[in-house]
Protein chains: 2
Amino acid sequence: MSPLSPGAMAAFKAAWQVWQVPAHHFLLREKSVSDYLYFIEEGVARIFYHKHDKQITEWIALDGNFFLSITSYFERTPSKLNIQTLEPSLVYGIHNHDFMRMAAENHEVETLLRRMVTRSLIMSQERMDSIQFESAQQRYEKLLENSPGILQRVPLTYIASFLGVTLETLSRIRSGK
Amino acid sequence: MSPLSPGAMAAFKAAWQVWQVPAHHFLLREKSVSDYLYFIEEGVARIFYHKHDKQITEWIALDGNFFLSITSYFERTPSKLNIQTLEPSLVYGIHNHDFMRMAAENHEVETLLRRMVTRSLIMSQERMDSIQFESAQQRYEKLLENSPGILQRVPLTYIASFLGVTLETLSRIRSGK
DNA sequence: ATAATTATTTGACAAATGTCAACTCAGGCT
DNA sequence: AGCCTGAGTTGACATTTGTCAAATAATTAT
């Protein structure tokens with residue numbers, strides 16, 4: 001799907017930076033403008049924000065996935081999101097300036113970006129449907145299917161929040177009612 | 001924001017078709033591939049799908065708004081969505097082939113498209129947040145604020161479904177408990 | 001205008017999940 | 001080994017919303 005030409009690909013790849021960070025490292029703190037779109041090569045990251053003094057886990061990125069503060073990255077506004085690793089991790093990041101500059105200079109990169117955003121939009125809608133119509137139980141089972149091993153790597157509190165239920169409810173789901 | 005150059009703008013505008021359709025007209029039926037991205041100039045349209053034999057209203061487009069079956073339009077897959085007008089309406093539509101061709105030929109159009117999709121993604125996330133954390137009451141009040149007059153134009157069943165509650169619950173919210 | 005149809009409201013009750021508090025358990029420290 | 005601390009579990013109860021059935025109100029067709 002939408003492979004870049006060799007030249008564009010080389011430039012695109014060169015724009016990515018790499019970081020090796022320890023567990024519990026913050027890649028983004030709320031109220032700051034998010035400069036990077038990340039890809040996690042090894043490790044896990046948790047994206048969360050505060051609502052009524054509680055932490056809401058909006059996303060859990062296991063290795064092999066992209067993540068970012070969409071609003072902040074694209075609109076250049078202060079983020080409400082925090083991004084924190086849960087394990088020592090190897091992450092790649094591409095700066096907004098670089099990505100936007102390359103997209104402006106190179107039509108192919110712009111197309112790639114548009115496709116990435118479109119994919120995210122479709123996933124976002126699927127998740128909304130899931131939250132609205134599936135029971136907590138179903139969401140939990142689906143999560144285990146799609147992300148086996150997540151239980152060994154992410155505390156249940158975060159998983160519960162990500163699923164949109166309380167820790168207690170998740171605990172009851174797990175114990176089989 | 002991202003104005004097109006005069007030439008691109010003229011071509012872009014020329015690509016839109018116009019239809020004057022009666023109330024209850026289907027602009028899209030489920031299982032068919034959606035060819036058009038729409039803008040409603042006058043009237044109202046309702047986007048809905050079937051789930052467990054019930055109709056779920058996914059979106060209500062009052063005049064002045066864009067709407068489409070995102071997945072079907074961009075991925076060229078059969079849509080699960082139906083789109084139906086609720087009033088006699090004046091709608092504009094741009095065919096997927098035309099939009100994609102223009103985006104491929106013209107970098108500016110591609111950028112415009114990317115920005116449109118990005119905006120949608122941000123709105124999608126806001127709606128998810130709303131469904132997950134606001135009470136039905138809050139969502140209802142917000143809807144009235146953002147779309148005054150909707151009550152006079154859209155049956156409550158559809159509004160209830162759009163808000164993610166049953167008709168009975170909406171009725172109770174309205175009666176003030 | 002009247003009857004038929006459709007939209008909305010209301011009531012009684014059930015299901016899912018949240019809240020708060022107490023309890024248990026495992027791993028890391030001393 | 002014994003103690004702490006944080007994570008996870010369990011119980012009792014409250015709250016929100018859903019479900020089903022019936023009653024009204026509004027709209028449309030004849």
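Remember, it's a predicted structure, so these values are computed and weren't measured experimentally. Just so it is clear: chains get the letters A, B, ... in the order the sequence lines come, proteins before strands, and each one is counted from 1.
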Check your understanding: Are B:Trp16 and B:Phe99 close enough, and set up right, to give a ring pair (Phe, Tyr, Trp, His ring centres under 6.0 Å), and what steps lead you there?
Key -> CA-CA 9 Å; B:Trp16 289 80; B:Phe99 207 160; 7.2 Å; no

Review point. Does B:Phe48 belong to the same Ile/Leu/Val/Met/Phe/Trp/Tyr cluster as A:Met128, with side-chain heavy atoms less than 4.5 Å apart forming each link?
Key: no

Study note, to complete from the structure: The residue, A:Arg139 or A:Glu168, whose nearest nucleotide of DNA chain C is more 5′ is A:Arg139

Point to revise | Separation of atom CD in B:Gln132 from atom P in D:dT16, rounded to whole Å | key: 18 Å

Exercise for review: Could you tell me whether B:Arg172 and B:Glu168 have a side-chain N and a carboxylate O separated by less than 4.0 Å?
Suggested key: no

Review point. Does A:Thr166 place a side-chain N or O at less than 4.0 Å from the phosphate oxygens OP1/OP2 of C:dT17?
Key: no

Practice item. For B:Leu156 and B:Leu170, work out which heavy atoms get closest and say how close. Key: O-CD2, 3.7 Å

**Study point:** Between C:dA16 (C1') and A:Gln138 (CD): distance, integer Å
**Key:** 13 Å

Check your understanding: Per the atom types in the model, does the base of D:dG18 pair as donor or acceptor with the side chain of B:Arg172 at under 3.5 Å?
Key -> no

Revision key, fill the gap. Separation of D:dT28 atom C1' from B:His24 atom NE2, nearest Å, is 12 Å

Exercise for review: Starting from P on C:dA16, measure out to CD1 on A:Ile131 and report it in whole angstrom.
Suggested key: 19 Å

Check your understanding: Thinking salt bridges, do A:Glu75 and B:Arg119 make one under a 4.0 Å N-O criterion?
Key -> yes

Point to revise | Aromatic plane relationship, A:Tyr36 with A:Tyr38 - under 30° parallel, 30 to 60° tilted, over 60° perpendicular | key: tilted

**Study point:** Residues touching DNA chain D, which here means a heavy atom under 4.0 Å, drawn from residues 140-155 of chain B
**Key:** none

Revision key, fill the gap. Rounded to whole Å, the CG-C1' distance (B:Leu167 to D:dG18) equals 12 Å

Review point. Where along residues 42-51 of chain B does a heavy atom come under 4.0 Å from DNA chain D, residue by residue in number order?
Key: none

Point to revise | Closest listed nucleotide, where the reference is the side chain of A:Thr157 and the choices are D:dT19, D:dT17, D:dG8 | key: D:dG8

Practice item. Please state whether the phosphate of C:dG18, meaning OP1 or OP2, lies under 4.0 angstrom from any side-chain nitrogen or oxygen of A:Thr169. Key: yes

Review point. Cluster question for you: counting only ILVMFWY and a side-chain heavy-atom cut-off of under 4.5 Å, with indirect links fine, are A:Ile131 and A:Ile70 together?
Key: no

Protein-nucleotides 23-27 of chain D N/O pairs under 3.5 Å:
none

Practice item. Measure the distance from CD on B:Gln137 to C1' on D:dT15 and round it to the nearest whole Å. Key: 14 Å

**Study point:** Min side-chain heavy-atom separation B:Val18-B:Val91 under 4.5 Å
**Key:** no

Review point. Which part of the nucleic acid, if any, lies within contact of A:Leu170, taking any heavy atom under 4.0 Å across all strands shown: a base, the sugar-phosphate backbone alone, or nothing?
Key: nothing

Review point. Do A:Phe67 and A:Trp59 have ring centres separated by under 6.0 Å?
Key: no

Review point. Within this structure, what is the CD-to-P distance between A:Gln55 and D:dA7, rounded to whole angstrom?
Key: 11 Å

Practice item. Apply the test salt bridge (Lys or Arg N to Asp or Glu O under 4.0 Å) to residues B:Arg114 and B:Glu110: give CA-CA distance (whole Å), side-chain angles for both, the deciding distance (0.1 Å), then the verdict. Key: CA-CA 6 Å; B:Arg114 188 253 298 168; B:Glu110 180 75 83; over 6 Å; no

Exercise for review: Figure out the CD1/C1' separation between A:Ile56 and C:dG18, and round it to whole Å.
Suggested key: 13 Å

**Study point:** Minimum-distance nucleotide to B:Ser171 side chain [options: D:dT19, D:dT9, C:dT9]
**Key:** C:dT9

Check your understanding: Among C:dT10, D:dT19, C:dT9, which is the nearest nucleotide to the side chain of B:Ser175?
Key -> C:dT10

Practice item. Kindly give the heavy-atom pair with the smallest separation between A:Tyr73 and A:Asn96, and that separation in Å. Key: O-ND2, 2.7 Å

Exercise for review: Look at the rings of B:His97 and B:His95 and say which category their plane angle falls in: under 30° parallel, 30 to 60° tilted, over 60° perpendicular.
Suggested key: tilted

